Every structure is written in structure tokens, then in C-alpha cells.
Amino acid sequence: MLPVEVIARKRDGGVLSSDEIRQFIADYTDGRVADEQMAAWAMAVYLRGMTSTETAALTDALRLSGQQFEWPSDAPPRLDKHSTGGVGDKVSLVLAPLLACCGVWVPMLSGRGLGATGGTLDKLCSIPGFRVDLGFDEILRALKSVGCVITGTTPGIAPADRKLYALRDITATVASIPLITASIMGKKLAEGLNGLVLDVKWGRGAFMKERAQARALAQQMVAAGQRLGVPTSAVISDMNQPLGKLCGNAAEVIESIAVLRGDGPADVRALTLRLGAEVLVAAGLSSGVESATTVLQGHLDSGCGFERFEQMVAAQGGRLAELPALASPSELASRRKGSVAAIDTEALGLAIVELGGGRRQPGDQIDPTVGLEYLVRLGDHVEVGQPWIRVFCRPEQRERVRHRLEAALLVTDEPVAPPPLILADGLAE
Ligand code: URA
């Protein structure tokens, strides 16, 4: 089919065959489909959607547009986790070394911050010297010596996705479940995995504001992974408040280390253990979530997880002892007495960006020392004057974020039930 026919078929709500999708993406990668045509097609997909079969074909086509990691035949199983992003989500920093303690390899390719959500690479880059531009040979070396690596997507991985994502970004076609599925899974599946777990977040600090959207995205991503031969599991988790307490770049490294040392907030630990257990079960390396959780908890308690983290940092050139101290703290107090009913979590993430902890424009320098400490939880009782958030920034920056933060807290007279961290019914309707 000509590109114009592929666009017209989708525009009219038709279904494309897997071969047609693969050819269209291959032609785009080679420059035989123009950006204008791809943008029109992306809008058609945005408006008309895709079947699961089409979504899996698009995922595969994006994956095949570039390099696939090829592992030695005697390599241990490769596992990974992907999160759709949130505020305070530092799970990758804890989970990668914990899984490495189980004898698997974790070749985790991560991203930078996006909008209000922090990026794993930006957090790790607050450790002086930490490199996130490893080539495949360096990844392999780190995996052989440590068992885990967290680095940026190498330029050879899914180049069609890089071009397509840049187009979607400027044509209002990002928020499409099939396009998000194919984009995320196309890159992940190029890692040559034996198991993948997805942390699909829903709520005020997430990409997906509604549970139903998060569930639909999780279902599509799991279906694409399974169809393409990678055992994939998903957890739908709450992002109506930050995960843990500390948010920001160096701040999240500090909290991750606390968790790896057997301390730190209970929600970070619980979500990390659950995601780790899910992927061990999905890959057939454990018989059940409960026994896998016990194994992972053992690696936390023994100090193995922290040891692997230190080794990973050193293998990637980082000097953990030189992690910068956080900027000076100040607190904001609740102006009402009552129950913490809602937190505009996205506003907290944007406050960090405003302080310099994220980018306003591509290429901006990040200040690793700024951040927030969230001192309450949804459902908590607060008194007038009780501090609910601590801000780490330069004194002259405080006023800049004060209004945004004050408007982010809703306190009501009625008691509020805290939301579950993980949706108990999983992907079921
Ligand atoms: N992250 C990605 O990599 N792709 C998307 O489409 C959305 C988020």
C-alpha cells in the first residue's frame, strides 16, 4: 500500500494488517514515509485507536527499527521494570540491585524527567561522575561484574520511536494508549528480556488520571509483551500523592539508600518488593508472589541490595561519597485543621521543576540539591500550624513555589480513607 492508503485506512477506522504496519514503520525509518504523513497517521491512530493485534505489530515494528541486545548464550535471565512515571518514584534505584542479588541480570534502560515526573537518569546523575551513556559493551561488562545497570537508551535502540515520539510531542498525539504502549514496549523489548513488570500509575501525579485509563494501558502493554514472547506482568499503583517522602534528584538517591539499608518509607519498600516479586514470578523464577517477596526481603535485610547498589554506582563511574547535600530546608504549615483529603501531586512535581530540579527546556542544567519532603499522607489528621511539607531550596527561591505548594493541599473536616497503594483487583475490570 502507498503511505497515503495506510493513512486513509486508519482515518476511516479500518484495521491494518501486521505486515502493513511493519512496512509503514520500516519506510518511515528509512525516510520513505515523510514526517507529515507519519503525523497524520499518528492522529488517525489517536482518534480511531488500534486493536491489540495492531498494537503488538506496531510495538514489534518499533523494536525492529533498531538494535536488539544480544546476550551470550550462557547469560542469566534478564529482567526489567518500567514505570509510567510519577512524583517521588525512586523504585528503580532500589529494585535493580535487589533483583541482581537474585542472580539475574537487569539491563535497565531509563529516561530523563518528563513534565512533572522525575527521571531515573536525572536522579542518578546527582551522584558525581555517574555515567548514563554506556554503550552495549560497557553494559555487558557491568552486568557480568554487578548484575545490574541503569543507563540511558542507546542511540541504536528503536530509532523509529525516537522520531515518532518527537512528532507526537508537537502534534498532540502523545496521550494515545496504543501509541504509548508501542513506544514504551518497543524500547523495553529491544533489551532481550525474559521478564518484564510494569508499574502503571494512576492519579493526580500520573500520566493517567483515571484508574480505568491506567487499567486499559496496563492491559494493552501486558498483551503486547505476551504476544511478542516476553512474560509481562503489571501492577496498577497509586500516584495521588508522592511515593515515599523525599522528592527531587539527590533527595531520591538519599531515600533509596535508606530503603536499601532496611529503613525508609514503607510504601517505597512495599511497591519495590511487589514489583520485584511480580517479575520473578512472570519469568518463572519463583512459584508465587509471597515466596518471591520473602526472597527479596532477605536480600534487603542481608545488605546485599545496598552492596549491589554501591557496586553499580562504582561500575558506572559514580562517587557516592560525594553525593551533594540537600539545599537548606524550610517548612510550610497547614492553615486548617482536619483530614488530608487531596494533594495536587502534579503541582508538587512542577514545584521541583520550578526550583531547578527538572528542565523547563531541553538541555537545561538540573540542580540536584533542591527537592521536597512530604511529611503527611492522605487521610492523616493535621492541626493548624502543623508542617506538611519541607522545601529544600535556596532562600530566595522559597517565595517562588510557596503559592503553588499551598494551593496543592486540601484539608477537609470529614475523615478521609487513605487510598490503597496497589489496586487489589489488578488488571481485572
Ligand atoms: N514514554 C515513552 O517512552 N513513550 C510514550 O509514548 C510515553 C511515555
Side-chain angles (χ1 to χ4, degrees), residues 21 25 28-29 35 38-39 41-47 49-50 54-67 80-87 89 91-92 107-123 132 150-191 193 196-203 205-210 213-214 216-225 228 230 232 234 236-237 239 346 349 358-359 362:
I21 291 171
I25 295 296
Y28 178 55
T29 312
D35 278 348
M38 184 50 89
W41 186 76
M43 184 58 82
V45 171
Y46 180 94
L47 295 171
M50 276 185 147
E54 286 179 300
T55 305
L58 179 60
T59 305
D60 204 30
L62 294 179
R63 172 172 75 100
L64 293 174
S65 70
Q67 181 196 5
D80 198 2
K81 182 234 34 158
H82 177 84
S83 158
T84 56
V87 178
D89 180 6
V91 164
S92 294
M108 193 179 274
L109 299 184
S110 290
R112 301 270 179 189
L114 196 66
T117 67
T120 298
L121 299 184
D122 294 330
K123 293 167 200 179
V132 293
I150 305 180
T151 185
T153 304
T154 61
I157 295 278
D161 176 64
R162 195 159 317 115
K163 281 175 75 181
L164 176 55
Y165 191 82
L167 272 187
R168 288 167 56 209
D169 203 20
I170 54 170
T171 56
T173 49
V174 169
S176 146
I177 286 178
L179 294 178
I180 295 173
T181 298
S183 170
I184 291 173
M185 297 298 286
K187 286 180 291 228
K188 281 286 162 192
L189 300 188
E191 293 174 9
L193 299 175
L196 175 65
V197 64
L198 305 161
D199 180 11
V200 181
K201 298 201 176 286
W202 80 277
F207 226 11
M208 298 288 151
K209 304 291 180 216
E210 306 295 334
Q213 288 175 311
L217 178 60
Q219 285 167 345
Q220 282 294 326
M221 291 205 288
V222 168
L228 298 172
V230 176
T232 305
I236 300 174
S237 72
M239 191 29 73
E346 192 165 9
R359 291 178 194 80

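As the structure is a prediction and not an experimental result, all values here were calculated from the model. Each ligand, and each atom within it, is numbered from 1 in the order the structure gives.
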Next on the checklist: Distance check, rounded to the nearest 0.5 Å: I177 atom CD1 versus M208 atom CE?
Outcome noted: 5.0 Å
Item to check | From L64 atom CG to T59 atom OG1, the distance as rounded to the nearest 0.5 Å | outcome: 10.5 Å
Checklist entry - Do V174 and L179 have side chains that get closer than 4.5 Å, going by heavy atoms? => result no
Next on the checklist: Tell me whether T84 contacts the main-chain N or O of K201 through its side chain, where contact means a donor paired with an acceptor under 3.5 Å.
Outcome noted: yes
Next on the checklist: Run the side chain to side chain contact (heavy atoms under 4.5 Å, CB included) test on L198 and M185 for me, step by step, so that the C-alpha distance in whole Å, both residues' side-chain angles and the decisive distance to 0.1 Å come before the verdict.
Outcome noted: CA-CA 10 Å; L198 305 161; M185 297 298 286; 4.0 Å; yes
Checklist entry - Measuring from each atom of ligand 1, which residues have a heavy atom under 4.0 Å away? => result Y165, R168, I180, S183, I184, K187, F207
Checklist outcome for this item: Heavy-atom nearest pair, V45 first then S176, reads CG1-OG, 4.3 Å
